[in-house]
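Numbering of ligands and ligand atoms starts at 1, following listing order.
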Amino acid sequence: MSAAQPNQNAIHGQAAATADAVIVGAGFAGLYMLHRLRGLGLTVRVFEAADGVGGTWYWNRYPGARCDVESMQYSYSFSEALQQEWQWSERFAGQPEILRYANHVADRFDLRRDIRFETRVTAARFDEASGRWLVETDRGDRVSAQYCIMATGCLSAARMPEIPGIESFAGGIYHTGHWPHAGVDFTGQRVAVIGTGSSAIQAIPVIAAQAAHLHVFQRTPNFSIPSRNQPMDAAYEALWKTDYAARRRQAREMRTGILYPLNEQSALEVSPEERQREYEGRWETGGTAFMAAFKDLATSQAANDTAADFVRGKIRAQLRDPAVAEALQPRNHPIGTKRICVDTDYYATFNRDNVTLVDVRRSPIQAITPTGLRTRDSAHEFDSLVFATGFDAMTGALTRIDLRGRAGRSLAGKWAEGPRSYLGLMTAGFPNLFMITGPGSPSVLSNMIVSIEQHVDWITDCIRHLRARGLACIEATAEAEDAWVAHGNEVAERTLYPAANSWYMGANIPGKPRVFMPYIGGVGVYRQICSDIAGKGYEGFRLTAPDAIADVAAE
Ligand code: FAD
Ligand code: NAP
């Protein structure tokens, strides 16, 4: 724990005083939510499992961890002073810098005093008689609050695959999403990485440069675009800062919440030469804007194929060994339908003599052994094993809490066939329980800070509305929720996304229902829908006076 992060757990074990609101999580969502609710004059208690703020950027300290939304955009916009004074050192910020930023925000807005660190919320139950949530933690806290706000993160429930023998491994075992704070020195070691998603793609080049030998166990190759990261250009920074508010406004209207050049043409309406030029230009610029090369890459298989072929060609061109080049080219999903990756020297890393790619789709992993790993066809020995195997995304952090709404009904039970929500903000039967970037909202398909700010602002306005009118409760109606889920599915079905076995679809977790979880209608469109609904007196929500909360249950 750093000096900037005092231990504030002195009163653990005692029943805490009641609060107006409990917030679970102190990542970017929880921090901003706390700031806004304080602004309304509410008493707020935040619980955070980590011993510091920052969420994703606190936990994911693996080598190479970096943002792939430009620093000038992956930052809060709510405070003009903050966005003017903070200076990013690189085009795409690395994890340590983003974590410093989160700590700076916590200090600048004096947020720590309401955050209980090293405290995991284990349960929260809605009491229909009082209309309040009773929140419980693993440290014995019990807090009664009117509002319960889940800022638990979409990618915070790290997932270890169930491979027999894991516990027998004698060397070091790591998960990218729970990386040791002291760092790991792989010098001279034989290292294995399981997984080739975004985290692995960032970590592999850095680990390869340090380790004696690296084995990469790949089940599904991914498409990755070079980041072309570079030190922050002073003129570029100035360009943003002279015009920050206007640029932020524009970004909020974009489909992804990221301001970058969109090409409104179809990939199929231009000549092959023009298409190639567009892709080459974006490849040279680097980053996720590659996917905005044409308007129909997410909706037309034929258009998508042109982008996928281009990237496959780039992968081939970077590799010396044709067999390795073949193995690294994705062929089982349209480009972008699994989260597009962004890398620095990922493919070239496989030209190194000390790196071996093992295709575990052809020859599946059978067991971890005390000294390594056995696939169907071969055995491999190593000193350290890195799981870059991802997360129980979008729902995992929520369903790991024993959340119970009206009539004691559990959220995990309600979502057994897939998450259901109204706007990704609330779920029927759970009054006054808000989710920040919950399933059913654009969340992971966007610059998440843009989506977080939009949700936090909406929730703040909503609570202000309730209090100004002496209302005690807001909850989504079942009808509004059904309609929103149907709309979300319908929009998703118009795209290629459901074709992929992605974590967006829950496909990375055995037994998880196959449902496209984020809302793919676009950040700008979604924002407008949320504003319109609030403007119509929270259409689709039931707002109740203090003496009417329990009546709803009887309906
Ligand atoms: P988180 O940062 O996940 O914070 C949630 C917090 O809640 C955590 O600190 C967790 O400990 C706490 N918590 C959860 N459950 C409990 C509980 N029961 N009790 C107490 N505390 C709890 N997004 C982008 O837009 N661009 C990117 O380039 C990008 N890169 C990413 C890279 C990585 C490696 C990962 C994993 C994610 C990335 N994301 C990116 C998504 C990223 O998660 C969001 O951008 C953002 O940081 C989410 O903030 P949050 O506060 O909503 O959630
Ligand atoms: P991920 O995308 O889910 O990747 C997990 C990888 O592990 C996949 O390659 C998966 O293969 C593999 N895997 C899982 N279980 C396995 C098993 N039993 N055997 C073999 N392989 C297995 O997770 P992630 O890389 O941590 O990324 C998660 C998300 O976090 C990203 O999609 C992104 O949204 C965010 N992120 C962003 C950045 C960034 O650049 N800004 C960096 C890191 C993370 P299959 O594909 O076959 O399942």
Side-chain angles (χ1 to χ4, degrees), residues 23-33 46-50 52-62 64-70 73-74 92-93 95 98 102 116-124 135 137-138 150-163 175-177 193-203 217-222 224 227 256-258 287-288 330 332-333 338-343 360-361 364-365 387-391 393 396-398 400-401 436-437 443-452 455 500-504 507-510:
I23 299 171
V24 189
F28 284 121
L31 291 178
Y32 181 43
M33 192 76 248
V46 183
F47 290 112
E48 168 54 62
V53 300
T56 285
W57 307 102
Y58 170 96
W59 294 107
N60 290 264
R61 302 180 190 222
Y62 60 84
R66 185 174 293 287
C67 193
D68 64 12
V69 173
E70 287 193 2
Q73 305 202 49
Y74 190 79
F92 295 108
Q95 171 273 327
I98 304 175
R116 194 75 78 221
F117 291 108
E118 295 178 87
T119 309
R120 183 169 287 281
V121 168
T122 51
V135 179
T137 76
D138 62 355
M150 310 309 292
T152 43
C154 294
L155 294 161
S156 58
R159 177 191 165 255
M160 289 286 269
E162 284 164 23
I163 303 175
H175 190 289
T176 50
V193 171
I194 298 182
T196 48
S198 296
S199 300
I201 279 176
Q202 290 183 327
F217 293 91
Q218 170 185 273
R219 190 165 65 185
T220 312
N222 266 301
S224 187
S227 89
T256 57
I258 307 172
T288 59
N332 75 350
H333 62 279
K338 287 178 97 140
R339 170 67 151 73
I340 192 85
C341 302
V342 173
D343 72 281
V360 296
R361 181 153 321 261
I365 298 173
F387 285 90
T389 45
F391 302 87
L398 292 164
R400 285 178 187 187
I401 301 171
I436 304 177
T437 66
S443 61
V444 292
L445 299 174
S446 70
N447 173 353
M448 285 204 66
I449 300 196
V450 169
S451 288
I452 285 168
H455 266 194
N501 287 322
S502 66
W503 58 257
Y504 298 135
N508 63 328
I509 305 290

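- For atom 45 (O) of ligand 1, a protein heavy-atom neighbour is present inside the 4.0 Å cut-off.
- The shell of residues lying under 4.0 angstrom from ligand 1, judged by heavy atoms, includes Tyr74.
- Between atom 20 (C) of ligand 1 and the options Ala158, Ala50, Ala29, Ala49, the minimum heavy-atom separation is to Ala49.
- Here the side chains of Ser156 and Trp59 are not in contact, with every heavy-atom distance at 4.5 Å or above.
- For Glu48, the salt bridge (charged side-chain N to carboxylate O under 4.0 Å, His left out) criterion is met by no residue, not counting sequence neighbours.
- Nearest non-hydrogen protein atom to atom 15 (N) of ligand 1 is Thr152 CG2, 3.5 Å.
- Here the side chains of Tyr32 and Ile436 are not in contact, with every heavy-atom distance at 4.5 Å or above.
- Across all non-hydrogen atoms, the minimal contact from Ile194 to Ile163 is CD1-CD1, 4.3 Å.
- Remark: ligand 1 and Phe28 share an N or O pair separated by less than 3.5 Å (distance only, no angle test).
- Of all atoms in ligand 1, numbered sequentially from 1 with element shown, those under 4.0 Å from a heavy atom of Val69 are 26 (N), 28 (O).
- Proximity of Met448 to Cys154: side-chain heavy atoms (C-beta onward) are separated by under 4.5 Å at one or more points.
- Protein heavy atom in closest approach to atom 1 (P) of ligand 1: Thr56 N, 3.7 Å.
- The N/O atoms of Asn60, backbone and side chain alike, include none that comes under 3.5 Å of an N/O atom in ligand 1.
- Qualifying salt bridge (charged side-chain N to carboxylate O under 4.0 Å, His left out) partners for Arg66, counting only residues two or more places apart in sequence or in other chains: Glu90.
- The line from CZ of Arg339 to CG of Asp68 is 4.0 Å long, rounded to the nearest 0.5 Å.
- Ranking the protein heavy atoms by distance from atom 18 (N) of ligand 1 puts Val121 O, 3.0 Å first.
- From the protein, the heavy atom lying nearest to atom 32 (C) of ligand 1 is Trp57 CH2, 3.6 Å.
- Taken to the nearest 0.5 Å, the OG atom of Ser199 stands 8.0 Å off from the NE2 atom of His175.
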Verdict with reasoning, Thr119 to Thr137, per side-chain hydrogen bond (donor to acceptor under 3.5 Å, both in side chains)
CA-CA 6 Å; Thr119 309; Thr137 76; 5.5 Å; no
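- Taking each heavy atom of Phe92 and Gly287 in turn, the nearest pair found is CZ-CA, 4.4 Å.
- For ligand 1, the atoms closer than 4.0 angstrom to any heavy atom of Ser446 are 25 (O).
- Of all non-hydrogen atoms in Asp343 and Ser224, the two that sit nearest each other are OD1-OG, 2.7 Å.
- Listed by number with element, the atoms of ligand 1 under 4.0 angstrom from any heavy atom of Gly25 are 6 (C), 7 (O), 12 (C).
- Ranking the protein heavy atoms by distance from atom 34 (C) of ligand 1 puts Tyr62 OH, 3.5 Å first.
- Every atom of ligand 1 is numbered from 1 in the order shown, and the set under 4.0 Å from a heavy atom of Trp59 is 8 (C), 9 (O), 10 (C), 11 (O).
- With values rounded to the nearest 0.5 angstrom, Glu118 atom CD is found 12.0 Å from Arg116 atom CZ.
- The protein non-hydrogen atom at the shortest distance from atom 12 (C) of ligand 1 is Glu48 OE1, 3.3 Å.
- Here the heavy atom of the protein found nearest to atom 49 (O) of ligand 1 is Ile452 CD1, 3.6 Å.
- To the nearest 0.5 angstrom, Thr256 atom OG1 is 9.5 Å from Leu445 atom CG.
- How far OG1 of Thr437 is from CD1 of Ile452: 5.5 Å, rounded to the nearest 0.5 Å.
- The residues lining ligand 2, counting any heavy atom closer than 4.0 Å, are Tyr62, Arg66, Cys67, Asp68, Leu155, Arg159, Pro161, Ile194, Gly195, Thr196, Gly197, Ser198, Ser199, Gln202, Arg219, Thr220, Lys338, Arg339, Arg361, Ala388, Thr389, Gly390, Phe391, Trp503.
- Contact annotation: Asn447 has at least one heavy atom less than 4.0 Å from an atom of ligand 1.
- Here the OH atom belonging to Tyr74 is positioned 5.0 Å from the CH2 atom belonging to Trp57, to the nearest 0.5 angstrom.
- Residue-ligand proximity: Ala151 is placed with a non-hydrogen atom under 4.0 Å from ligand 1.
- The ligand atoms of ligand 1 that sit less than 4.0 angstrom from a heavy atom of Gly55 are 1 (P), 2 (O), 4 (O), 8 (C), 9 (O).
- Residues Arg361 and Asn332 have side chains in contact (heavy-atom distance under 4.5 Å, counting atoms from C-beta outward).
- Ligand 1 lies within reach of Thr119, whose nearest heavy atom is under 4.0 Å from it.
- By the 4.0 Å heavy-atom criterion, Phe391 is counted among the residues contacting ligand 1.
- Heavy-atom proximity to Ser156, at under 4.0 Å, picks out these atoms of ligand 1: 3 (O).
- Looking at residues two or more places apart in sequence or on another chain, you find no salt bridge (charged side-chain N to carboxylate O under 4.0 Å, His left out) involving Arg159.
- Close contacts between ligand 1 and Phe47 involve ligand atoms 20 (C), 21 (N) [criterion: under 4.0 Å to a heavy atom].
- Considering both main-chain and side-chain atoms, Thr437 never comes within under 3.5 Å of ligand 1 through any nitrogen or oxygen pair.
- Looking only at side-chain heavy atoms (C-beta outward), Thr56 and Phe28 stay at 4.5 Å or farther from each other.
- The nearest non-hydrogen atom to atom 22 (C) of ligand 1, considering only Asp138, Val24, Val53, Ile23, comes from Val24.
- Taking 4.5 Å as the limit, every side-chain heavy atom of Val69 sits out of range of all side-chain heavy atoms of Thr288.
- If you number the atoms of ligand 1 from 1 as listed, the ones under 4.0 Å from a heavy atom of Ile401 come out as 18 (N).
- Looking from atom 25 (O) of ligand 1 to the surrounding protein, the closest heavy atom is Met448 N, 2.8 Å.
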